[in-house]
Amino acid sequence: ALYPQFAYSHFETVMLLVARGELEAAERIARAGVREQDRQARSGNRFPAIGFHWLLGAIEGAAGRYDEALIQFSDEIAQADSRRLYGPEYSAAALTAKGHAELATNRPAEALESFKSARTHMGAFARAILGEASALGALGQEEAAVHGGRGQGGGGDG
């Protein structure tokens, strides 16, 4: 209430509401956070809002609205800036979540690319590594999935 532009308090509120299972309230605050993130991304704010598109996308995905989730993940990725506080982390999280939404909509080849791209932001990002294995399995490449993509052009760590 004292500093509404400081988005992290709203972000934490959304996380709390998600943990409580109050997804409608969480979605409402996340949408307001998305608007603030979009505004701050253009303003050069010193501590800009970040992660709200990823967070709203996760809520959309949990509700089975994968097309809407994919839009939010793409918006988060479009605003990615590795120089920002938590920039690489939210880029990797959005790409990984995008990959899971692509898997859910039967697009394993696209999902594999999203997971691999997440690892360009954070190389040992466990969720992306597991996502790669899931995508490889969905593509019928079980051996590559089990061995982390080694020998299959997947560049896995093992």
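Position 1 is the first residue of the sequence; numbering continues from there.
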Specify the closest pair of heavy atoms between [X] and [Y], including all atoms of both residues, with the distance to one decimal.
X	Y	result
A30	I59	CB-CD1, 4.2 Å
A118	T96	CB-OG1, 3.5 Å
S91	A80	OG-CB, 3.0 Å
A101	L70	CB-CD2, 3.7 Å
A111	G99	CB-O, 3.2 Å
P88	H121	O-CB, 3.7 Å

Cluster link I29 to W54, ILVMFWY, side chain under 4.5 Å: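 Yes, I29 connects to W54 through the hydrophobic network.
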May I ask you to list the residues sharing a hydrophobic cluster with I77, side-chain cutoff 4.5 Å, ordered by chain and number?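 Members alongside I77: L95.
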In the hydrophobic clustering that connects Ile, Leu, Val, Met, Phe, Trp and Tyr at side-chain heavy-atom distances below 4.5 Å, which members other than L130 occupy its cluster, ordered by chain and number?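 Direct or chained contacts put L130 with none.
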[atom1] of [X] to [atom2] of [Y]: how many Å apart, nearest 0.5 Å?
X	Y	atom1	atom2	answer
S134	L112	OG	CG	10.5 Å
L55	H10	CG	NE2	13.0 Å
F73	L56	CZ	CG	9.0 Å

With distance as the sole criterion, is a donor-acceptor pair present between the side chains of Q72 and E60 under 3.5 Å?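 No donor-acceptor contact under 3.5 Å links the two side chains.
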Restricting to pairs with a member in residues 12-25, which pass side chain to side chain donor-acceptor pair (under 3.5 Å), not counting sequence neighbours?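 Qualifying pairs, neighbours excluded: none.
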Which residues share a side-chain hydrogen bond (donor to acceptor under 3.5 Å, both in side chains) with R127, sequence neighbours left out: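 For R127, no residue satisfies side-chain hydrogen bond (donor to acceptor under 3.5 Å, both in side chains) once neighbours in sequence are set aside.
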Expected output: side-chain T120 to main-chain S117 donor-acceptor under 3.5 Å: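 Yes, T120 side chain to S117 backbone: donor-acceptor pair under 3.5 Å.
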Before you tell me yes or no, could you show the steps for E76 and K98 under side-chain contact (heavy atoms from CB on, under 4.5 Å), namely the whole-Å CA-CA distance, both residues' side-chain angles and the distance that decides it to 0.1 Å? CA-CA 10 Å; E76 188 70 44; K98 180 177 181 271; over 6 Å; no
So that I can tick it off, tell me whether R107 and E102 are bridged by a salt bridge, with the cut-off set at under 4.0 angstrom between side-chain N and carboxylate O.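 R107 and E102: not salt-bridged.
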Just to verify, what does F11 make a ring pair (Phe, Tyr, Trp, His ring centres under 6.0 Å) with, not counting sequence neighbours?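 With sequence neighbours excluded, F11 shows a ring pair (Phe, Tyr, Trp, His ring centres under 6.0 Å) to F52, Y90, given in chain and number order.
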Test of understanding: with ring pair (Phe, Tyr, Trp, His ring centres under 6.0 Å), list the residues that count as partners of H100, not counting sequence neighbours.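 With neighbours one apart ignored, the set is F115.
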Between K116 and R119, is a side-chain contact (heavy atoms from CB on, under 4.5 Å) present by the stated rule, with each step listed? CA-CA 5 Å; K116 286 180 179 182; R119 294 186 61 201; 5.8 Å; no
Report the C-alpha distance between D75 and V34 in whole Å, list the side-chain angles of each, state the deciding distance to 0.1 Å, and finish with yes or no for side-chain contact (heavy atoms from CB on, under 4.5 Å). CA-CA 10 Å; D75 287 349; V34 160; over 6 Å; no
Applying side-chain contact (heavy atoms from CB on, under 4.5 Å), run through H53 and D38 and close with a yes or a no. CA-CA 9 Å; H53 284 287; D38 291 346; 2.7 Å; yes
Can you find a heavy atom in the side chain of L23 that is under 4.5 Å from one in the side chain of V18?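 Result yes, sub-4.5 Å side-chain heavy-atom pair found.
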Are E36 and R39 packed together at the side-chain level, in the sense that at least one heavy-atom pair is separated by less than 4.5 angstrom?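 Sidechains of R39 and E36: in contact.
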